[in-house]
Amino acid sequence: MDCQDGVTACHEDIERVLLCEADILGIVERMGAEITEDYRGQNPLCIAILRGAVVFFADLIRAIECPMEIDFMAVSSYGSAARSSGVVRILKDLDTPIEGRDIVIVEDILDTGITLNYLIKNLESRGPRSVEIAAFLVKDVPGQRSAVRPRYVGAHVPDAFIVGYGLDYAERYRNLPYLGILKPEVYS
Ligand code: PRP
């Protein structure tokens with residue numbers, strides 16, 4: 001997919017804009033409406049997975065119109081590397097007990113699925129009533145098929161190094177208001 005309207009000014013390290021701000025707004029509003037519809041009368045607990053999901057989370061919760069609560073977890077499997085280490089570490093756990101609660105895990109991207117697979121198992125062991133996933137992006141990698149199935153998906157993106165709207169390379173570019181593909185020479 002490409003941003004067609006050209007309104008997003010592109011950072012010099014970005015090869016191509018995938019989703020401009022208007023695209024992102026439309027996606028977030030659609031996902032918020034889906035969650036609102038599904039959780040009416042249930043008071044779900046939406047959990048942001050720091051740090052990448054923070055920008056999406058801030059927008060998504062304002063697009064949800066039913067009562068809800070929020071909490072945060074910080075996990076890391078990538079560190080500053082371009083590839084997942086395969087080992088997920090909890091850097092910050094929830095403050096909220098989740099037994100009997102309806103949980104929506106909010107993630108910026110599903111890539112290998114290692115992070116969400118770990119999180120689902122970890123949270124399900126605490127006895128919630130339900131656990132669903134809202135993933136802003138799902139990366140389509142040839143030959144890679146994750147067992148994780150998010151109930152809410154923003155967009156599918158190609159197998160490239162994607163930054164902006166919360167996603168980083170070596171902690172940079174999270175503040176870009178759009179989503180773009182990083183130029184290979186920046187990370188190779
Ligand atoms: C990123 C992203 C997801 C995870 C997805 O987190 O935010 O949590 O990778 O990749 P996976 O499906 O291959 O597990 P990262 O560890 O880079 O930390 P961050 O959120 O602080 O950027």
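First listed ligand is number 1; within each ligand, the first listed atom is number 1. Small disclaimer: the values here were computed from a predicted structure and weren't measured.
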If we number the atoms of ligand 1 from 1 as shown, the ones under 4.0 Å from a heavy atom of Thr112 are 11 (P), 12 (O), 13 (O), 14 (O)
Out of all atoms in ligand 1, which are within 4.0 Å of some heavy atom of Thr115? Include the element for each.
4 (C), 5 (C), 8 (O), 10 (O), 11 (P), 14 (O)
Rounded to the nearest 0.5 angstrom, the CD1-CD1 distance for Ile47 and Ile103 is 4.5 Å
Contact atoms of ligand 1, heavy-atom distance to Ile109 under 4.0 Å:
2 (C), 3 (C), 5 (C)
Would Arg151 and Glu34 count as a side chain to side chain contact (heavy atoms under 4.5 Å, CB included) here? Give the steps.
CA-CA 10 Å; Arg151 180 157 179 174; Glu34 290 170 0; over 6 Å; no
Would the distance check show the side chain of Arg101 and the main-chain N or O of Asn43 forming a donor-acceptor pair, the cut-off being under 3.5 Å?
yes
Under a 4.0 angstrom heavy-atom cut-off, which atoms of ligand 1 come close to Glu107?
3 (C), 7 (O), 8 (O)
Considering the heavy atoms of Ser76, write down every atom of ligand 1 situated less than 4.0 Å from one of them.
16 (O)
Contact (N/O only, under 3.5 Å) between Gly52 and ligand 1
yes
Fit a plane to each ring of Phe136 and Phe56, take the angle between them on a 0 to 90° scale, and name the class: parallel (under 30°), tilted (30 to 60°) or perpendicular (over 60°).
tilted
Asp23 and Val17: CA distance, side-chain angles, deciding distance, side chain to side chain contact (heavy atoms under 4.5 Å, CB included) verdict
CA-CA 11 Å; Asp23 297 329; Val17 174; over 6 Å; no
Measure the acute angle between the ring planes of Phe161 and Tyr187, then classify it against the limits of 30° and 60° as parallel, tilted or perpendicular.
tilted
Gly113 N/O to ligand 1 N/O under 3.5 Å
yes
Taking the basic N atoms (NZ, or NE/NH1/NH2) and the acidic carboxylate oxygens, is any pair closer than 4.0 Å for Asp93 and Arg126?
yes
Does an N or O anywhere in Glu171 fall below 3.5 Å from an N or O of ligand 1?
no
Which of the numbered atoms in ligand 1 are under 4.0 angstrom from any heavy atom belonging to Ile114?
12 (O), 14 (O)
Number the atoms of ligand 1 from 1 as they appear, then name those within less than 4.0 Å of a heavy atom of Asp168, with their elements.
22 (O)
Tyr39 and Tyr152 aromatic ring geometry - parallel, tilted or perpendicular at 30°/60° bounds
tilted
Measuring from non-hydrogen atoms of Arg174 to any atom of ligand 1, is the shortest distance under 4.0 Å?
yes
Does only the side chain of Val88 get under 4.0 Å from ligand 1, or the backbone, or both, or neither? Count heavy atoms.
neither
